[in-house]
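Presented below is the structure to which this report refers.
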Amino acid sequence: MLELRDVHSGYGETRVLHGISIDVHAGEVVAVLGRNGVGKTTTLKTVMGLLPCLEGEILLDGRRLDGARPYDIARSGVAYVPETRDIFPSLTVLENLELSLPLGEKRGGGWTLARVFEIFPRLEQRRANGGMQLSGGEQQMLAIARALLLNPSLLVLDEPTEGLAPIVIGEIHSKLAELKRDGLTILLVEQNFGFATSLADRCYVLGKSVVQWSGTSDAILADKDMQHRWLGV
Amino acid sequence: MFADPGFWIVQLLNGLQFSMLLFLLSVGLTVIFGLMNFVNLAHGSLYALGAFVGWSWVNVSGSYWLAFFLAPVCVAAVGALLYVTLIDRMRAAGPLNQVLVTFGLIFVFLDVFRYFWGDFTLGVDKPALLAGGFEIAGQIYPAYRLFIIALGLLVLAGLWVVLERTNVGATIRAGVDNSEMASCLGINVEKVFFIVFCVGCALAGLAGVVAAPLFSVSPGMGIELLIPTLIVVVIGGLGSLKGAIAGSLLVGMLQTFGQVLAPQLASMLVYLLLAATLIMRPQGLFPARA
Ligand SMILES: Nc1ncnc2c1ncn2[C@@H]1O[C@H](COP(=O)(O)OP(=O)(O)OP(=O)(O)O)[C@@H](O)[C@H]1O
Ligand SMILES: [Mg+2]
């Protein structure tokens, strides 16, 4: 479904990615792992068109995505949950969700406000609250719910567990597992090794601006040497 | 004179009327800034353009009301042209270049006004309907000034409803908060920028055509009002409707009352207010992005 072929990217003069290749097949959950500052967020931002793809190409269902604007990429079915969550502070919870409706309804699919409130009941209770009055966990749920309402074919998540309490992480884990069971394709960036490997079918490990390792979650769990070298687990 | 309540009421109304004019100008400027991070110093020139175009429509048609509706449309069209040819390209150019280019535009507009309308002071008659006055606390107060107050309040209420209570408004606020994230939700932020820019220009044009019968129409009229408008934007806080309202009222009232109570100090008072705001609340009173 999503294919990164030898992607180079960075910020202005600074190159951060030197040829990354990642494949995500339909219905799969793929995790991208790696130490702090290795370029995981940069990879996702490049997929979303927020950073330029300087070399190489990005394909979604065989169609070129690189060079497209973020809103075109969203329209072709990629929904993004950024590391910083990026809830709109001057919008209420409901308004934050409603922003996704025009595109979500145009794309069509099973996600409606009612269904989102069903799996995240807390958001319904807080629907009139301002975006910034939410706890970290609630913000994360709102960011995921907002992405789901786009009726995406690919969900891109950047460190959904960052800064959350273990109990909230467990909750997010079970929601994502549910989405996986429903057949949603997910590209997940994580620092939380256990969280990522228990959700993902396959993993990519970034190190020194390139992909150092890739394989199934079972294989990564068995390869202690690699974990030590590139993840410091 | 100071003991007469009529005096205070009249000054209050004058202050309110000037505030509303400042509001029409500053609201467009501040929302454009909040949304696009773009400083358009030529905003005052669009106000003058509204007055000149209004003058021409009055002369051609004899009807102030036709000018009242058409001048904002014409100014919005000029704004659209500017956006497509210049401003869109300058978006990524950084604030210094934007300031230089739009500062240059002020002089281009000055020459355009002189070329088409001459370097004179032109007058526009008040519409017959509003030529009279109302008796308020023993004083005759011009109906036309009351009309400006009412118009300002109407625009203010309309903008408030649109921005705070509709999906379009939520989209604009999302764009001000975080335009990158908004575009990741499939929102065509560029289109939102363009529309908001044009509406901002139309409001500047509206301010111009409304001000025309009150002040004289001259090429420099936009420059005169640019400084107080920028001060309103800075005091109110960039990007917010609330800020534009608060800033306009503060500056409008201070300038009006300053002129009658302490004429020697009047021109300084607004700058003192600006300095005090910048020291105590550098973000302004109600910044859109806290
Ligand atoms: N805006 C920026 N300008 C310049 N360099 C940046 C910028 N953002 C990140 N970088 C650099 O790019 C590199 C990769 O950053 P990135 O955010 O992609 O890492 P990451 O793998 O997501 O890290 P983390 O696990 O901490 O989120 C880092 O060395 C960082 O310093
Ligand atoms: Mg990151």
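Letters A, B, ... are given to chains in the order of the sequence lines, protein chains preceding strands, and every chain is numbered from 1. Excluded from the calculations below are hydrogen atoms, water molecules and symmetry mates; all remaining heavy atoms, backbone and side chain alike, are included. This structure is a prediction, so every number in the text was calculated from the model and none was measured.
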What part of B/Asn167 is in contact with chain A, defined as an atom under 4.5 angstrom from a non-hydrogen atom: side chain, backbone, both or neither?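 Only the side chain of B/Asn167 comes within 4.5 Å of chain A.
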
A/Arg15 with A/Glu55: basic N within carboxylate O range, under 4.0 Å: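 Counted as a salt bridge, because a side-chain N and a carboxylate O are separated by less than 4.0 Å.
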
Going by an N to O cut-off under 4.0 Å, is there a salt bridge joining B/Glu190 and B/Arg91?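 Answer for the salt bridge query: yes.
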
Is it the side chain or the backbone of A/Ile73 that comes within 4.5 Å of chain B heavy atoms, both, or neither?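 No part of it gets close to chain B.
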
Given a strict heavy-atom distance threshold of 4.5 Å, which part of A/Pro89 is in contact with chain B: side chain, backbone, both, or neither?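 Both the backbone and the side chain of A/Pro89 come within 4.5 Å of chain B.
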
Heavy-atom pairs under 4.5 Å with chain B are the metric here; pick the option from A/Lys106, A/Arg75, A/Glu98, A/Arg69 that has the most.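 The answer is A/Arg75.
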
Below 30° counts as parallel, above 60° as perpendicular, anything between as tilted: where do the rings of B/Phe197 and B/Tyr83 land?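 Because their plane-to-plane angle lies in the 30° to 60° range, the rings of B/Phe197 and B/Tyr83 count as tilted.
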
Classify the ring geometry of B/Phe68 against B/Phe147: parallel below 30°, tilted from 30° to 60°, perpendicular beyond 60°.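 The rings of B/Phe68 and B/Phe147 sit tilted, inter-plane angle from 30° to 60°.
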
